[in-house]
Amino acid sequence: LNKFNNNEISVLIALFFVIFIFKTFFFTVLVKLNCKFSSNISFNLSSRIFENYLYQKYYFYLVRGSSKLIQNITNEINNLINIYLASILSLFNEILLLISISAILIILSPISFFSIILVFLIFSFIFFFTIKKFLKKWGYQRQDHQEKSIRYLQEGMRGIKELRIYNLENSFLEYFKFHAKQYSKI
C-alpha cells in the first residue's frame with residue numbers, strides 16, 4: 001500500500017467502481033434472461049401437466065383431489081424453478097463477488113470503500129423509489145393473471161365431466177395458457 005500514492009489509489013478505486021457498475025449491469029441482464037428462461041419453463045411444464053390432466057380418464061379425478069392437482073400445476077413447479085434452483089445459484093454468486101470486491105477495496109482504501117458504499121446506497125434508494133410504481137403495477141398484473149389461470153384450472157378440474165360432454169377441453173386449455181403466458185411475461 002505504501003507503493004501507491006493517493007492519485008493511484010483513487011484511480012484504482014474508480015476502476016473498481018466502474019467494474020462494479022459493469023458487473024451490476026451485466027448481472028441485471030443475466031437475471032432478466034434467467035427469469036425469462038425460468039418463466040418459459042414454468043409455462044411449458046404447467047401447460048403440459050394441465051393438458052395431461054384434462055385428457056385423463058374420469059376415474060383419475062375421483063381418486064385425486066383437485067386441490068392436489070392444482071398444487072402440482074402451480075406451486076410445485078414454481079417452487080422447483082424459483083426457490084431451489086435459481087435462488088441458490090444467484091445467492092452464491094452474489095455473495096462471493098461482494099466479499100471479493102469488498103475485501104480488495106477495504107485493503108486498498110477503507111475510507112474510499114465506505115464512501116462508495118454511501119454513494120451506492122443513495123443510488124439504490126433513488127432507483128427503488130423510481131421503480132416502485134412499476135413494481136406495484138406489475139404486482140397487480142401478476143396477481144390478476146395468476147388468479148385467472150388458477151380459476152381456469154379449478155373450473156377445468158371440477159367440471160371435467162361437463163368439459164368432456166361439451167368438448168371444451170381445448171377452450172379451457174387456451175384460456176389457461178393465455179393467462180399463464182401473461183403471468184410468465186411479467
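Note that the structure is predicted; figures quoted are calculated from it, not measured. Reckoned from all heavy atoms, side chains included, excluding hydrogens, waters and symmetry mates.
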Inset, instruction - Decide whether L15 and I117 are clustered together by the hydrophobic rule: side chain heavy atoms of Ile, Leu, Val, Met, Phe, Trp, Tyr closer than 4.5 Å, transitively. - result: no

Legend entry - Mutual orientation of the aromatic rings belonging to H145 and H179 [parallel < 30°, tilted 30-60°, perpendicular > 60°]: tilted

Legend entry - Side-chain donor-acceptor pair present, K181, N40, cut-off under 3.5 Å: yes

Legend entry - Check against side chain to side chain contact (heavy atoms under 4.5 Å, CB included), F50 and M157: CA-CA 9 Å; F50 183 52; M157 298 295 177; 3.9 Å; yes

Legend entry - Minimum heavy-atom distance between N78 and S42, given as atom pair plus value: OD1-OG, 3.1 Å

Inset, instruction - List the steps, then state whether side chain to side chain contact (heavy atoms under 4.5 Å, CB included) holds for E162 with L168. - result: CA-CA 8 Å; E162 289 81 11; L168 295 173; over 6 Å; no

Legend entry - Shared hydrophobic cluster for Y55 and Y166 (ILVMFWY, side-chain gaps under 4.5 Å): yes

Legend entry - side-chain contact (heavy atoms from CB on, under 4.5 Å) against F60, all qualifying residues, sequence neighbours excluded: Y53, Q56, R64, L69

Inset, instruction - Count the heavy atoms of every other residue, nucleotide or ligand shown that sit under 6.0 Å from CZ of R151, and state whether that count exceeds 12. - result: yes

Legend entry - Enclosure of I111 CD1 (heavy-atom neighbours >12, cutoff 6.0 Å): no

Inset, instruction - Please check if the side chain of S149 supplies one atom and the backbone of Q146 the other of a donor-acceptor pair under 3.5 Å. - result: yes

Legend entry - Mutual orientation of the aromatic rings belonging to F129 and F125 [parallel < 30°, tilted 30-60°, perpendicular > 60°]: parallel

Legend entry - Ring centers of F20, F120 separated by less than 6.0 Å: yes

Legend entry - Non-hydrogen side-chain atoms of T28 and K32 separated by less than 4.5 Å: no

Inset, instruction - Taking the side chain as every heavy atom from C-beta outward, state whether F178 and Q182 have any pair of such atoms under 4.5 Å apart. - result: yes

Legend entry - Pairwise side-chain contact, F16 with I116, heavy-atom cut-off 4.5 Å (strictly under): no

Legend entry - Min side-chain heavy-atom separation S46-T74 under 4.5 Å: no

Legend entry - Partners meeting side-chain hydrogen bond (donor to acceptor under 3.5 Å, both in side chains) with R164 (sequence neighbours left out): E169

Legend entry - Over all atoms of both residues, closest heavy-atom pair of S109 and I13: CB-CD1, 3.4 Å

Legend entry - Contact check, side chains of E51 and F176, non-hydrogen atoms, under 4.5 Å: no

